[in-house]
Amino acid sequence: MGRPVSIWCHGSRKADRYHLHQKSAPRPWRTVFPRGPRDKAEFPIPLMTHGLAGRYHCTYGSRRASSAPSEPLDLVVTALLPQDTLPTLSAHPGPTMAPGENVTLQCQTGSLFDTFLLFKEGDISPPLNFRSQYQDGVFQANFPMSPVTLDHGGTYRCYGSLSGTPVQLSRPSNPLELKVEGDPVNITPSVQTPNSTSGPQASDYTVENLIAMGLSGLILGVLGVLVFHAWYSERRSPGIN
C-alpha cells in the first residue's frame, strides 16, 4: 500500500485499444490507446490504496469489436492490521531435502486470522490457502508438499487474511528458501533379498551340481565292482600250504 503498481494486459498487435475493468463494473475503468501496433498495454497505478484493491480483468480490440475478458487478476494490499504480528514461516522437518521426500511449510502468528496464504516468488499461479487453526496459543496453517520435486525449490512467504477483508493481507512473513537437491529418494520397495540369486545363474549351478554328483556316483560304482571282483577271485583260488 502506498507504492506504485502496474497492470499489464496482453492482447494482439492488431488491437487499437485496451480496456481495464475493475470488479464487475459494466464500463471500463481505464482505456489505453497504443501508439502503433503493440500486443500489450500498461495500466500504471501511481499510488496503491485500499480503494483500488479488488478483482480486475482486461479486454482489447477496436471500436466495433472487443475480445473476450481475460483471466481475473486479484490486486491485494498488505498493511499492518489491528493487533497484527508478522507471520513466521518454517519448514518441517527442514528446508533442505532430496527429491521424493516430504516437507510441510507451517505459517503461524499470534494474531487472529481466518486464512493463511502461501506465495512462491516468481510463480504466477494462485497462492495456496488454508483455513487457520488455533493451537498452543497461536493461529497456524500447514501446507504439506509431498513428495517434493525440483520445481518445489524456491523462496516462499506467507500472509494472513481476514474473511471480512479478503483483498487486504497482513505484511509478509520472513522469506523461507526451500532447497531440493541431491539424488532422488527411491520409494519403490525392492523384492530382492541379499541372498537372492538370478534364475540363469541358479540353473547353471544346479546343472553343475548334478553332473558332479553323477560322476561321483559312477566312480564309486566302478570301485565297488573292482573290490567285489577281487574278493570273489580270492575265495575261489586254492589255499597255500
Side-chain angles (χ1 to χ4, degrees), residues 1-7 21-25 45-57 70-182 185 187:
M1 187 176 67
R3 296 181 179 181
V5 178
S6 289
I7 300 177
H21 303 262
Q22 186 184 31
K23 299 179 181 178
S24 57
I45 301 176
L47 185 65
M48 187 65 194
T49 64
H50 291 286
L52 297 177
R55 175 160 293 188
Y56 292 82
H57 70 269
S70 67
E71 293 291 329
L73 171 69
D74 290 322
L75 201 61
V76 299
V77 295
T78 60
L80 191 63
L81 301 179
Q83 298 181 347
D84 182 17
T85 57
L86 295 181
T88 59
L89 185 62
S90 57
H92 303 275
T96 302
M97 71 233 50
E101 292 184 340
N102 300 330
V103 66
T104 298
L105 301 188
Q106 185 181 78
C107 184
Q108 64 178 18
T109 178
S111 299
L112 171 60
F113 287 110
D114 302 308
T115 307
F116 287 100
L117 296 89
L118 183 67
F119 289 81
K120 179 183 178 183
E121 286 188 0
D123 191 351
I124 61 174
S125 58
L128 297 176
N129 64 87
F130 282 92
R131 298 286 297 179
S132 69
Q133 295 180 349
Y134 185 75
Q135 184 176 355
D136 299 330
V138 295
F139 294 88
Q140 64 183 23
N142 295 319
F143 299 87
M145 299 182 180
S146 56
V148 297
T149 65
L150 295 178
D151 293 336
H152 285 101
T155 302
Y156 292 82
R157 287 182 174 85
C158 68
Y159 298 77
S161 175
L162 295 173
S163 58
T165 56
V167 296
Q168 182 176 337
L169 305 181
S170 71
R171 290 185 179 180
S173 69
N174 57 293
L176 175 66
E177 184 178 4
L178 205 63
K179 295 181 180 180
V180 183
E181 55 190 18
V185 176
I187 59 176

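The structure displayed is predicted, hence computed values, not measured ones.
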Nearest 0.5 Å, please: how far is [atom2] in [Y] from [atom1] in [X]?
X: L128; Y: L117; atom1: CG; atom2: CG; value: 9.0 Å
X: L73; Y: H57; atom1: CG; atom2: NE2; value: 11.5 Å
X: N174; Y: L86; atom1: CG; atom2: CG; value: 9.0 Å
X: N129; Y: D114; atom1: CG; atom2: CG; value: 12.0 Å
X: M145; Y: L178; atom1: CE; atom2: CG; value: 6.5 Å
X: F119; Y: S125; atom1: CZ; atom2: OG; value: 10.0 Å

Counting only pairs under 3.5 Å, give me each side-chain donor-acceptor contact of residues 94-108, with atom names and distances, residues two or more places apart or in other chains.
from, atom 1, to, atom 2, distance (Å)
E101, OE1, A98, N, 3.2
Q106, NE2, N142, OD1, 3.0

Quick one: closest heavy-atom pair of [X] and [Y], and the distance?
X: G154; Y: K120; answer: CA-CE, 4.1 Å
X: V180; Y: G153; answer: CG2-N, 3.9 Å
X: C158; Y: P87; answer: SG-CB, 3.9 Å
X: F113; Y: G160; answer: CD2-C, 3.5 Å
X: P147; Y: H152; answer: O-CE1, 3.9 Å

Looking at residues at least two apart in the chain, or sitting in another chain, which of them share a side chain to side chain donor-acceptor pair (under 3.5 Å) with E181?
->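 By the side chain to side chain donor-acceptor pair (under 3.5 Å) rule, E181 matches no residue at all.
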- request: Could you label the plane-to-plane angle of the F143 and F130 rings as parallel, tilted or perpendicular, counting under 30° as parallel and over 60° as perpendicular?
  value: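 Rings of F143 and F130: perpendicular, as their planes differ by over 60°.
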(request) State yes or no: are the ring centers of F139 and Y134 separated by less than 6.0 Å? (result)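 Between F139 and Y134, the centre distance is under 6.0 Å.
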Cut-off 3.5 Å, side chains only: do Q140 and Q133 have a donor facing an acceptor?
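No.
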Just by distance, do the side chain of T155 and the backbone of E177 share a donor-acceptor pair under 3.5 Å?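 Flag not set: sc T155 to bb E177 has no pair under 3.5 Å.
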Q) ring-ring contact (aromatic ring centres under 6.0 Å, His included) between Y159 and F116: does it pass, once the steps are laid out? A) CA-CA 6 Å; Y159 298 77; F116 287 100; over 10 Å; no
- Query: Who passes salt bridge (Lys or Arg N to Asp or Glu O under 4.0 Å) against D74, sequence neighbours left out?
  - Reply: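 Checked D74 against salt bridge (Lys or Arg N to Asp or Glu O under 4.0 Å); matches are R55.
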Does V138 reach the side chain of T109, with side-chain heavy atoms less than 4.5 Å apart?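 Answer no - side chains too far apart.
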